[in-house]
Amino acid sequence: MKPRAVLDTNVYVSAILFGGKPGEVFLLAKDEKIDLFVSTAILAELATKLTDKFHWPAERVSVVIKEIGETATIVRPQKRIKAVPGDESDNRILECVVHARAEYIVSGDQQRLLPLKNYNGIEIISPARFLKRISKP
């Protein structure tokens with residue numbers, strides 16, 4: 001069975017802009033080596049970040065969102081989670097991972113998500129650690 005993961009928005013941004021370990025994680029999903037899940041809320045947050053923070057034109061954002069949508073399974077969580085105070089976007093990540101029954105949240109969020117280490121048995125892990133973990137036989 002393939003590992004099931006949800007990527008934090010910051011991992012998508014890093015993968016798109018810089019490649020590196022976050023890019024390698026996304027490529028695993030493109031190569032169907034992991035099952036990747038994303039929610040419409042995560043895609044909306046990513047689109048907003050690329051537009052507002054990085055000043056990407058709508059057409060370019062649309063291409064990226066479409067590629068992610070074709071690579072990941074889009075889920076629509078029904079249950080709201082309020083486990084991370086002060087950051088609703090992190091709660092959207094948790095909602096997605098719970099709804100998808102994924103095993104991993106891959107995040108670069110040193111402030112809120114990574115310090116949690118896990119949420120209800122779901123491992124919260126950096127891109128580098130995720131790559132090491134799934135490459136072990």
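All figures in this text were calculated on a predicted structure; none of them were measured in a lab.
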* R76 backbone acceptor or donor facing Q78 side chain under 3.5 Å -> yes
* Shortest non-hydrogen separation from A102 to V6 and the atoms involved -> CB-CG2, 4.3 Å
* Asked: Got a donor-acceptor contact below 3.5 angstrom from the D87 side chain to the S89 backbone?
  -> yes
* **Nearest-0.5 Å distance that lies between atom CG in D35 and atom OG1 in T71** => 12.0 Å
* To do: May I ask you to decide whether E88 forms a salt bridge with K82, counting only side-chain N to carboxylate O separations under 4.0 Å?
  => yes
* Same cluster or not: are L17 and V11 linked, directly or through other Ile, Leu, Val, Met, Phe, Trp or Tyr residues, by side-chain heavy atoms under 4.5 angstrom apart? -> yes
* Please examine the side chains of Y119 and I93, heavy atoms only from C-beta on, and report whether any two atoms are closer than 4.5 Å. => no
* Asked: For the side chain of N91 and the backbone of V84, is there at least one donor-acceptor N/O pair under 3.5 Å apart?
  -> yes
* To do: Take atom NZ of K2 as the centre, draw a 6.0 Å sphere, and report whether it contains more than 12 heavy atoms from other residues, nucleotides or ligands.
  => yes
* Mind checking whether F18 and L27 sit in one hydrophobic cluster, side chains of I, L, V, M, F, W, Y counted as touching below 4.5 Å? -> no
* N10 to G108 - nearest heavy-atom pair and separation -> OD1-N, 2.9 Å
* Taking all atoms of both residues into account, what is the closest heavy-atom pair of F130 and A5, and its distance? -> CZ-CB, 4.1 Å
* **Donor-acceptor under 3.5 Å (R4 side chain, R101 main chain)** => yes
* Does any non-hydrogen side-chain atom of Y104 lie less than 4.5 Å from one of I122? -> no
* Is it true that the side chains of S107 and D109 contain a donor and an acceptor less than 3.5 Å apart? -> no
* To the nearest 0.5 Å, how far apart are CD1 in I65 and OG1 in T40? -> 11.0 Å
* Spell out, yes or no, whether F54 and I42 are grouped together once hydrophobic residues are joined by side-chain heavy atoms under 4.5 Å, including indirect joins. => yes
* Asked: Which atom names give the shortest non-hydrogen contact between L94 and A83, and what distance separates them?
  -> CD1-CB, 3.7 Å
* Would you name the heavy atoms of V75 and A100 that are closest together and state the gap between them? => CG1-CB, 4.4 Å
* Asked: Salt bridge or not for K117 and E123, using N-O below 4.0 Å?
  -> no
* Starting from the C-alpha separation in whole Å, work towards a yes-or-no answer on side-chain contact (heavy atoms from CB on, under 4.5 Å) for L46 and I16. => CA-CA 11 Å; L46 177 60; I16 293 162; 4.2 Å; yes
* Is the shortest heavy-atom distance from the side chain of F26 to the side chain of L36 under 4.5 Å? -> yes
* To the nearest 0.5 Å, how far apart are NZ in K66 and CG in L43? -> 13.5 Å
* To do: Would you confirm whether T51, through its side chain, and T48, through its main-chain N or O, come within 3.5 Å as a donor-acceptor pair?
  => no
* Minimum side-chain heavy-atom gap R133-E103 below 4.5 Å -> no
* Asked: For E95 and R80, what are the C-alpha separation, side-chain angles and deciding distance, and is it a salt bridge (Lys or Arg N to Asp or Glu O under 4.0 Å)?
  -> CA-CA 6 Å; E95 292 164 3; R80 297 296 261 181; 3.7 Å; yes
* **Exceeds 12 heavy-atom contacts within 6.0 angstrom, atom CZ of R129** => no
* Determine, stepwise, if the pair V106 / D8 fulfils side-chain contact (heavy atoms from CB on, under 4.5 Å). => CA-CA 6 Å; V106 182; D8 195 351; over 6 Å; no
* Separation between OG of S126 and NZ of K21, rounded to the nearest 0.5 Å -> 10.0 Å
* Kindly give the heavy-atom pair with the smallest separation between V38 and I68, and that separation in Å. => CG1-CG2, 4.3 Å
* Asked: Taking only residues two or more places apart in sequence, or in another chain, which ones meet Y12 in a ring pair (Phe, Tyr, Trp, His ring centres under 6.0 Å)?
  -> none
